[in-house]
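I have placed the structure first, in the form of structure tokens, so that the comments after it can refer back to it.
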Amino acid sequence: MPTPITLDATAAKTFIRYARMLSARGYVHNTLGNIVLRVPHPDFAHGVAYTKHAELSLEEMELENIVITDIPTSRVLLGDTITSIGHNLSREILRLRPDIHATIHVHDDALLAFFGSGAYREVRTISLDLPFVLGKPIHYVPAHIDVEADVSSVQSFIGATNSVVLLGHGVTTLGRNVSEAYHRLNSLTAEVRRNIEAELLAERAGSRPAYRSEEEIRSMYRFAESIIYPKRAERVMRED
């Protein structure tokens with residue numbers, strides 16, 4: 001007999017908490033942008049997805065605005081209103097990445113301005129924390145490709161990244177839980193602001209920003225797990 005679809009109180013509380021946190025940081029401007037949480041369910045191999053419905057913003061969210069959907073399809077399992085088109089991308093990420101249980105998608109002002117200037121093609125690494133927190137390189141989707149309307153290309157890149165920048169649009173971060181997705185979002189947007197400030201200050205001083213080398217960055221990705229989730233307090237960047 002099928003198990004009824006009901007709202008899990010813990011998952012719903014977590015969703016509202018992070019919606020408030022995203023709003024407090026100024027990430028939320030309108031009805032676009034979302035959180036998606038994967039919640040296990042005995043009748044669904046991929047689990048089910050908790051998200052907000054279309055037509056309101058995360059800062060307006062209450063428990064009654066949470067909808068539950070299937071993951072391989074857009075079928076709404078609990079709720080009366082459909083999701084936004086952006087939910088397609090998050091569902092596809094969850095379908096392809098069983099290790100990922102949360103996504104966050106926002107339209108960050110600094111990130112949009114940075115790439116919208118036409119002067120930069122990627123976020124360069126200044127701080128130590130960005131590669132450690134992201135765990136994998138950022139993937140950039142060209143502005144002419146709409147991976148929300150057509151998710152067919154997602155499989156080609158999603159296994160090699162935990163952060164997807166949609167140029168001219170926004171950013172989606174992935175996490176094994178919503179806390180990890182949130183930390184990755186904050187680290188990435190902070191590094192964008194550092195890039196902007198470093199470029200402006202360097203231009204004024206006639207110098208160059210001190211970006212990390214590719215070799216340093218690869219090393220940081222390799223040891224990301226032991227730095228962010230250490231099992232000991234020493235020798236964490238050793239191969240042994």
Side-chain angles (χ1 to χ4, degrees), residues 1-25 27-107 146-152 154-155 158-159 161-164 166 169-186:
M1 182 175 180
T3 304
I5 304 291
T6 58
L7 196 68
D8 179 276
T10 299
K13 180 179 178 181
T14 298
F15 191 105
I16 297 299
R17 178 188 177 206
Y18 278 88
R20 299 284 187 265
M21 291 163 68
L22 290 172
S23 300
R25 280 185 175 260
Y27 287 124
V28 180
H29 308 296
N30 49 54
T31 63
L32 303 177
N34 216 335
I35 300 170
V36 180
L37 307 180
R38 187 204 305 268
V39 176
H41 191 283
D43 298 334
F44 295 85
H46 294 277
V48 296
Y50 280 51
T51 191
K52 77 169 181 67
H53 62 69
E55 303 172 5
L56 85 163
S57 74
L58 283 171
E59 62 187 337
E60 299 170 300
M61 282 289 299
E62 299 295 345
L63 290 177
E64 60 266 26
N65 301 122
I66 294 175
V67 296
I68 301 176
T69 78
D70 190 17
I71 289 175
T73 76
S74 60
R75 182 163 61 106
V76 175
L77 304 172
L78 183 71
D80 300 320
T81 310
I82 65 170
T83 65
S84 67
I85 192 171
H87 189 51
N88 292 336
L89 175 58
S90 289
R91 289 192 301 99
E92 184 68 354
I93 290 170
L94 295 180
R95 187 183 74 83
L96 294 170
R97 290 282 302 271
D99 59 312
I100 294 300
H101 296 282
T103 66
I104 298 175
H105 176 77
V106 298
H107 301 165
D146 188 347
V147 290
E148 293 182 337
D150 180 2
V151 300
S152 60
V154 175
Q155 187 169 11
I158 201 62
T161 188
N162 291 317
S163 49
V164 181
L166 311 175
H169 181 162
V171 58
T172 298
T173 53
L174 292 56
R176 287 168 284 193
N177 52 54
V178 68
S179 174
E180 187 170 61
Y182 182 67
H183 296 165
R184 286 171 172 163
L185 173 64
N186 291 334

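Just so it is clear, the values below take in all heavy atoms, side chains as well, and ignore hydrogens, waters and symmetry mates.
Closest approach of Val36 and Ser90 over heavy atoms only: CG2-CB, 3.5 Å. Thr161 approaches Leu174 most closely through the heavy-atom pair O-CD2, 4.0 Å. Across all their heavy atoms, Ala181 and Ala102 have their closest contact at CB-O, 4.1 Å.
Remark: Asp80 engages no residue in a salt bridge (charged side-chain N to carboxylate O under 4.0 Å, His left out) (not counting sequence neighbours). For Asp99, the side chain to side chain donor-acceptor pair (under 3.5 Å) partners are Arg97, not counting sequence neighbours. Qualifying side-chain contact (heavy atoms from CB on, under 4.5 Å) partners for Val39, counting only residues two or more places apart in sequence or in other chains: Ala11, Val48, Tyr50. Applying the side-chain contact (heavy atoms from CB on, under 4.5 Å) test to Ile5 and every residue at least two apart in sequence or in another chain returns His41, Phe44, Ile68, Leu77, Leu78. Residues passing the salt bridge (charged side-chain N to carboxylate O under 4.0 Å, His left out) test with Glu180 are Arg176, Arg184, sequence neighbours excluded. In this structure, the side-chain contact (heavy atoms from CB on, under 4.5 Å) partners of Leu63, at least two apart in sequence or on a different chain, are Ala12, Ile16, Ile66. Applying the side chain to side chain donor-acceptor pair (under 3.5 Å) test to His105 and every residue at least two apart in sequence or in another chain returns His107, His169, Thr172. The side-chain contact (heavy atoms from CB on, under 4.5 Å) check on Pro72 picks up His46, Asp70, Arg95, with sequence neighbours excluded. Qualifying side chain to side chain donor-acceptor pair (under 3.5 Å) partners for Thr51, counting only residues two or more places apart in sequence or in other chains: Asn34. Not a single side chain to side chain donor-acceptor pair (under 3.5 Å) links Glu55 to another residue, sequence neighbours left out.
Residues Tyr27 and Leu185 form a side-chain contact, since some pair of their non-hydrogen atoms from C-beta on lies under 4.5 Å apart. A 4.5 Å side-chain heavy-atom check between Val106 and Leu32 finds every atom pair outside the cut-off. You'll find the side chain of His87 stays beyond 4.5 Å of the side chain of Ser74, heavy atoms only. Using a 4.5 Å cut-off on side-chain heavy atoms (C-beta onward), Val67 and Thr83 make contact. Within the 4.5 Å cutoff, the side chain of Ile104 has heavy atoms near those of the Val178 side chain.
Listed by first and then second residue, the side chain to side chain donor-acceptor pair (under 3.5 Å) pairs that reach into residues 9-24 are Arg20-Glu62, sequence neighbours excluded. Residue pairs meeting the salt bridge (Lys or Arg N to Asp or Glu O under 4.0 Å) criterion with at least one member in residues 32-47, sequence neighbours excluded, do not occur.
The OG1 atom of Thr173 sits 9.0 Å away from the CG atom of Asn162 when rounded to the nearest 0.5 Å. Expressed to the nearest 0.5 Å, how far OG of Ser84 lies from NZ of Lys52 amounts to 5.5 Å. Atom CG of Asp146 and atom CG of Leu166 lie 8.5 Å apart (nearest 0.5 Å). In this structure, OG1 in Thr81 is found 11.0 Å from CD in Glu64, a value given to the nearest 0.5 Å. Atom OG of Ser179 sits about 14.0 Å away from atom NE2 of His101, to the nearest 0.5 Å.
Within a 6.0 Å sphere centred on CD of Gln155, other residues, nucleotides and ligands contribute 12 heavy atoms or fewer.
Here the side chain of Glu60 pairs a donor or acceptor atom with the backbone of Ser57 at under 3.5 angstrom. Distance alone, capped at 3.5 Å, places no donor-acceptor pair between the Arg75 side chain and the Thr69 backbone.
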